[in-house]
Protein chains: 2
Amino acid sequence: MNLLYLEDLAPGQHFSGGVPIRIEDGRVRTFAAEFDPQPFHLDDVAATASVFQGLAASGWHTAAVSMRLLIDSDFKPAGGIVGAGFDELRWPLPVRPGDELRVECEVLEVRPSKSRPEQGLVKLRTTTLNQDDKTVQISVGNLVVKRRRISSSDLNEGATE
Amino acid sequence: MNLLYLEDLAPGQHFSGGVPIRIEDGRVRTFAAEFDPQPFHLDDVAATASVFQGLAASGWHTAAVSMRLLIDSDFKPAGGIVGAGFDELRWPLPVRPGDELRVECEVLEVRPSKSRPEQGLVKLRTTTLNQDDKTVQISVGNLVVKRRRISSSDLNEGATE
């Protein structure tokens, strides 16, 4: 797998994940116990009576698993996957124990940094899907990606300013 | 602690957390190994050479801990903390092993749902700070919050449409 630099990326490019990750019932509960201890993530009876109508993984568990799926995908920026921040993060459907998740992503925008000629920002939409191809998470993140080379015009600009 | 309904919330209200959570070195590495296995979250030497200039917690670890801090705060909506999605999620500074994190939050917007008179949406900005009062995460989320009662005008509206 070749590492990707800013010059290799363009809007409309798609990347996808490797092996789907299965969300285990026990891990839903231990993740929730540590980070999001609310009844609908921990207890079957309470979950059935809640807005989720059954045990659901914490959205932050889904987000963390989605990151792992992205790391294991064919999207391999040279400096790693470094998020400057997200413009959007949504969970349209609950994730249930036993679900198998995968990710697909699309480059939305690529722009060189004006202040730091050695890098740029890539806006990436990552969609997490379950085994029925239903979307369980959508994120739009801005990633810091290295440039392969600095053009002479950038260097001249830097030298004259 | 009284549970909060939509009617109890208004823009400008502040809520804050209880006991700060210390980010343990070992947990930074085990969280990263499971969900975000990149060198700058796992290995001291690689981290020193990276954009983070030292071992840094995964942003998703910070997000998960921030959720736990919010759960333990005095912000207690009646139906639990249920996020419909986020408009913003940023990590202005890295979180380091040994940091002690706390949250502060502010209600930005409160609006009853038009289609579901029993609930509404609350836009909440949550700021995660470290022991030096530096901001390590900012999120702006939209939460689904129950209404205490349905006004007669809502019922009339429902009956005539």
Side-chain angles (χ1 to χ4, degrees), chain A residues 21 24 27 30-43 46-47 49-52 56 58-72 76-92 94 116 118-119 137-146, chain B residues 21 24 27 30-43 46-47 49-52 56 58-72 76-92 94 116 118-119 137-146:
Chain A
I21 293 179
E24 301 296 342
R27 192 68 188 104
T30 56
F31 189 101
E34 183 175 4
F35 297 118
D36 191 354
Q38 302 196 85
F40 36 72
H41 300 316
L42 290 166
D43 177 77
S50 78
V51 63
F52 295 107
S58 168
W60 300 108
H61 188 181
T62 303
V65 168
S66 298
M67 182 67 190
R68 177 58 192 254
L69 286 161
L70 187 60
I71 296 283
D72 293 344
K76 303 276 188 215
I81 299 177
V82 177
F86 284 77
D87 296 343
E88 187 182 335
L89 177 62
R90 287 192 291 124
W91 300 291
R116 302 193 55 183
E118 76 280 13
Q119 66 187 40
Q137 179 180 291
I138 296 171
S139 73
V140 176
N142 298 293
L143 307 176
V144 178
V145 177
K146 286 186 182 177
Chain B
I21 293 179
E24 301 296 343
R27 192 69 187 103
T30 55
F31 189 99
E34 183 175 3
F35 296 119
D36 192 352
Q38 302 196 83
F40 37 71
H41 301 317
L42 289 167
D43 177 75
S50 79
V51 64
F52 295 108
S58 169
W60 300 109
H61 188 182
T62 303
V65 167
S66 298
M67 182 68 192
R68 177 57 192 255
L69 286 161
L70 187 62
I71 296 283
D72 293 345
K76 301 278 189 215
I81 299 177
V82 177
F86 284 76
D87 295 345
E88 187 182 334
L89 177 61
R90 287 191 291 125
W91 300 292
R116 303 196 53 184
E118 75 280 13
Q119 67 187 39
Q137 181 181 291
I138 296 171
S139 73
V140 177
N142 297 292
L143 307 176
V144 178
V145 177
K146 284 186 182 177

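The chains referred to below are lettered A, B, ... by the order of the sequence lines, with proteins before strands, and numbering in each begins at 1.
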Review point. Between the side chain of A:R68 and the main-chain N/O of B:P37, is any donor-acceptor distance below 3.5 Å?
Key: no
Check your understanding: chain A heavy atoms under 4.5 Å from B:A33: which part of the residue, side chain, backbone, both or neither?
Key -> backbone
Side chain from CB out, backbone as N, CA, C, O: work out which of these in [X] comes under 4.5 Å of a heavy atom of chain B, or both, or neither.
X	answer
A:V65	both
A:Q119	neither
A:A84	backbone

**Study point:** pair A:M67-B:Q38: side-chain heavy atoms closer than 4.5 Å
**Key:** yes
Review point. Once the angle between the rings of B:F31 and A:F35 is folded into 0 to 90°, is it parallel (under 30°), tilted (30 to 60°) or perpendicular (over 60°)?
Key: perpendicular
Exercise for review: Considering only heavy atoms and a distance below 4.5 Å, find which of A:Q137, A:H61, A:R27 pairs most often with chain B.
Suggested key: A:R27
Check your understanding: What residue, out of B:I71, B:L70, B:V51, has the most heavy-atom pairs lying under 4.5 Å from chain A?
Key -> B:I71
Review point. Do you know the tightest heavy-atom contact between B:I81 and A:F40?
Key: O-CZ, 4.2 Å
